[in-house]
2 protein chains.
Amino acid sequence: MKNEAFSESIEMYLKTVSELADSEDLVPISALAERLGVSTVSATEMVHRLKKQDLLEHLPYKGVSLTVHGGRRACRVIRRHRLWERFLVDYLGLPWEKVHDYACRLEHATDTAVTEALAIFLDNPRTCPHGNPIPSPDGEMPDISDIPLIQMQPGDRGIISRIHPESILLLDYLAGRDIRPDQPVEFEEIAPFNGPLMVKIGEQTHALGQEIAAHIFVNCEDEVRNDEIA
Amino acid sequence: MKNEAFSESIEMYLKTVSELADSEDLVPISALAERLGVSTVSATEMVHRLKKQDLLEHLPYKGVSLTVHGGRRACRVIRRHRLWERFLVDYLGLPWEKVHDYACRLEHATDTAVTEALAIFLDNPRTCPHGNPIPSPDGEMPDISDIPLIQMQPGDRGIISRIHPESILLLDYLAGRDIRPDQPVEFEEIAPFNGPLMVKIGEQTHALGQEIAAHIFVNCEDEVRNDEIA
DNA sequence: GAAGTTTATAAGGTTGTCCTAATAATATAG
DNA sequence: CTATATTATTAGGACAACCTTATAAACTTC
């Protein structure tokens, strides 16, 4: 079983499918293309190549999902990414909202030996600075049970657990408003006609667009969860 | 003046020219090609591209040299490389002889902001673990005045200053014999007919081939240097 | 200065990743 | 069920970086 030897492009595709997959099972190729900043034609082309390598499956007109094999590869990339983020924030003192992009480059240039030595140096952190869990060395993603802010009900309270999926624009926006993991949240109300969500975070009440609210995950206070009815 | 935006290939070419240049002013394209593991045709092609970008000059049938511009770019890559090496050895505890290869990958994936934060974290080290000086942030290479072991005279003593240029095979060989910077050396004799050099390093006497001896640099003990007559 | 080596260039190809534009197939909504 | 959307495919290219083979030019040495 040969290791390494995956191009940066392939790693980006696998990582992105994995990131987009945990909201929905099947990731539309268009979503993939958009997040990667390539045309749908290019994305389709690459999907075919990855399918041939048994890294993902494709249900035409529905979307793609990772195979077990592909999922493990993706998790290894994500592990490297999140470990680097921890290092960049905790040891190099770089800004929370910038390190995602820096780590996006480092993640493709890191040998397994370096990754694991880094993990030990960092004392095996559980999450990245944005709250996302760090997969195990063999490519297993820890289970989590938080919910996106947008699924909260008026009156619900909780603690921000993570920002996901990340992007520089989103993180910049949130950093400017001091919206980060570990902050307490209280969902106040949602404006009608698909309007913004009014949410109290820390001391401040924010009007958050629905898109943004889908990227903020929360550990709700002890209460019956009703995912379906939401 | 735009920064970044240099392909990994271009960075490798510039770095390699810089590494090979300090032995001789002009680097033959064949030497460049060999060290990069590409054909001379490919190297020639790339040299033309780099010439067009004013990164290096080419005297046909003689060799190439970096322009001021190209030299600065090369030094920035080398700076990143050597800082990473220090981190990998000093903080991650990775083996001296392996980190060169790990850093070769990281050096192309490191933003300036990360590089400078890393330099501060490492407390601005003067050299890499193999003894080579770390260029300044703006791309200036410190002056050094050591000589290759092969230029020593029988009876000369000194301290190993650095291994240069580095390669995994060379470093593995030297690591196996505990030949590293800061070790004392005493040149005993050179075998006739271009034979090996007999050199006492630490407590042990080694028979070193001339190729290897050209890669080991030494700070000689206070005495008149006679580069020419050598 | 001719012979042989080194270096350079020219011609033609491959691979990976990307593109646009046009068309075809399917899904979804009125 | 038809119209509109989305999704997929086909065709034709572009580009960077590599390759081999073959030829030409320049250097070096005797």
Side-chain angles (χ1 to χ4, degrees), chain A residues 2 4-17 20-21 23-66 70 73-74 77 104-105 107-109 194, chain B residues 2 4-17 20-21 23-65 70 73-74 77 104-105 107-109:
Chain A
K2 61 183 141 187
E4 321 297 331
F6 274 81
S7 78
E8 188 165 327
S9 273
I10 291 180
E11 289 191 343
M12 282 304 287
Y13 274 87
L14 295 178
K15 189 183 86 160
T16 306
V17 173
L20 298 179
S23 13
E24 325 196 19
D25 314 24
L26 286 177
V27 179
I29 291 186
S30 53
L32 197 54
E34 197 195 335
R35 185 140 229 270
L36 288 166
V38 301
S39 72
T40 58
V41 179
S42 300
T44 304
E45 204 179 41
M46 184 59 116
V47 161
H48 290 326
R49 251 180 272 157
L50 297 180
K51 195 165 58 176
K52 215 165 279 169
Q53 292 185 248
D54 194 38
L55 292 165
L56 49 73
E57 276 155 19
H58 180 211
L59 284 186
Y61 298 99
K62 291 298 163 61
V64 299
S65 58
L66 294 172
R73 302 258 22 143
V77 180
C104 266
R105 298 185 56 198
E107 71 192 10
H108 307 294
N194 287 314
Chain B
K2 60 182 142 189
E4 319 296 332
F6 273 82
S7 79
E8 187 167 325
S9 272
I10 291 180
E11 289 191 342
M12 280 306 286
Y13 273 88
L14 295 178
K15 189 182 87 159
T16 304
V17 174
L20 298 179
S23 13
E24 324 196 19
D25 314 25
L26 286 176
V27 179
I29 291 186
S30 51
L32 196 53
E34 196 194 335
R35 186 140 226 271
L36 288 166
V38 300
S39 72
T40 58
V41 178
S42 299
T44 303
E45 202 179 42
M46 184 60 116
V47 161
H48 289 326
R49 251 179 275 158
L50 297 181
K51 194 165 59 179
K52 215 165 280 168
Q53 291 184 250
D54 194 38
L55 292 165
L56 48 74
E57 276 156 19
H58 179 211
L59 284 186
Y61 299 99
K62 290 298 163 60
V64 300
S65 59
R73 303 261 17 147
V77 179
C104 267
R105 298 185 57 198
E107 71 192 9
H108 308 294

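Here is the naming used below: chain letters follow the sequence lines, and residue numbers restart at 1 for every chain.
Rounded to whole Å, the distance from NZ on A:Lys52 to P on C:dT15 is 13 Å. Distance A:Glu34 CD to C:dC19 P: 13 Å, rounded to the nearest Å. To the nearest angstrom, C1' of D:dA8 lies 13 Å from CD of A:Glu45. Note: CD (A:Glu8) to C1' (C:dT17) measures 12 Å, nearest angstrom. The CD1-P distance, from A:Ile29 to D:dT6, rounds to 16 Å in whole Å. Here the C1' atom of nucleotide D:dA26 and the CG atom of B:Leu59 are 13 Å apart, to the nearest Å. D:dT6 atom P lies 18 Å from atom CG of A:Leu32, rounded to whole Å. Here the C1' atom of nucleotide D:dA16 and the CD atom of B:Gln53 are 12 Å apart, to the nearest Å.
Listed nucleotides C:dA21, C:dA8, D:dC18 differ in distance to B:Val38; the shortest reach to its side chain belongs to D:dC18. In the set C:dT7, C:dT17, C:dT26, the nucleotide with an atom closest to the side chain of A:Tyr61 is C:dT26. Distance from the side chain of B:Ser7 is smallest to D:dA17 among D:dT9, C:dT7, D:dA17. In the set C:dT9, D:dC18, C:dT17, C:dT17 carries the atom at the smallest distance from any side-chain atom of A:Arg49. Taking only side-chain atoms of B:Ile10, from C-beta outward, the nucleotide of D:dT7, D:dC27, D:dA17 with the closest atom is D:dA17.
An anti orientation is assigned to C:dA8, its glycosidic angle lying beyond 90° of 0.
The partner of D:dA26 is C:dT5, judged by Watson-Crick or G-U wobble contacts that both fall below 3.5 Å. In this entry C:dT26 has no Watson-Crick or G-U wobble partner, no candidate having both defining distances under 3.5 Å.
Side-chain contact between A:Val77 and A:Leu14 is absent, with no heavy atoms from C-beta onward closer than 4.5 Å. B:Val41 is not listed as a side-chain neighbour of B:Glu45, based on a closest heavy-atom distance of 4.5 Å or more. Residues B:His58 and B:Ile29 meet the side-chain proximity criterion, which asks for heavy atoms closer than 4.5 Å. A 4.5 Å side-chain heavy-atom check between A:Glu34 and A:Thr40 finds every atom pair outside the cut-off. The side-chain heavy atoms of A:Arg105 and A:Glu8, taken from C-beta on, include no pair separated by under 4.5 Å. Inter-residue side-chain proximity for B:Leu56 and B:Val17 is flagged as met; some heavy-atom pair is nearer than 4.5 Å.
Across all strands shown, A:Ser42 has heavy atoms under 4.0 Å from base atoms, whether or not it also approaches the sugar-phosphate. Residue contacts for A:Gly63: at a heavy-atom cut-off of 4.0 Å it reaches no nucleic acid atom on any strand shown. Among the heavy atoms of the strands lying under 4.0 Å from A:Ser39 is at least one base atom, whether or not backbone atoms are also near.
In terms of phosphate contacts, B:His48 brings no side-chain nitrogen or oxygen within less than 4.0 Å of OP1 or OP2 of C:dA8. Considering only side-chain N and O atoms, A:Ser9 lies under 4.0 angstrom from the phosphate OP1 or OP2 of C:dC18. For A:Thr40 and D:dA8, the shortest distance from a side-chain N or O to OP1 or OP2 is not below 4.0 Å. Between A:His58 and D:dT7 there is no side-chain polar atom (N or O) within less than 4.0 angstrom of OP1 or OP2. Not one side-chain nitrogen or oxygen of A:Ser30 sits closer than 4.0 Å to the OP1 or OP2 atom of D:dT6. A close approach under 4.0 Å does occur between a side-chain nitrogen or oxygen of B:Tyr13 and OP1 or OP2 of D:dC18.
A:Ser39 and A:Ala33 make their closest contact through O-CB, 3.8 Å (heavy atoms, listed as atom of the first residue, atom of the second, distance).
Remark on DNA chain D: of its neighbouring residues B:Val41 and B:Met46, the 5'-side contact belongs to B:Met46, judged by nearest-heavy-atom nucleotide. When the nearest nucleotides of DNA chain C are assigned to A:Lys62 and A:Ala43 by heavy-atom distance, the more 5′-ward of the two goes with A:Ala43.
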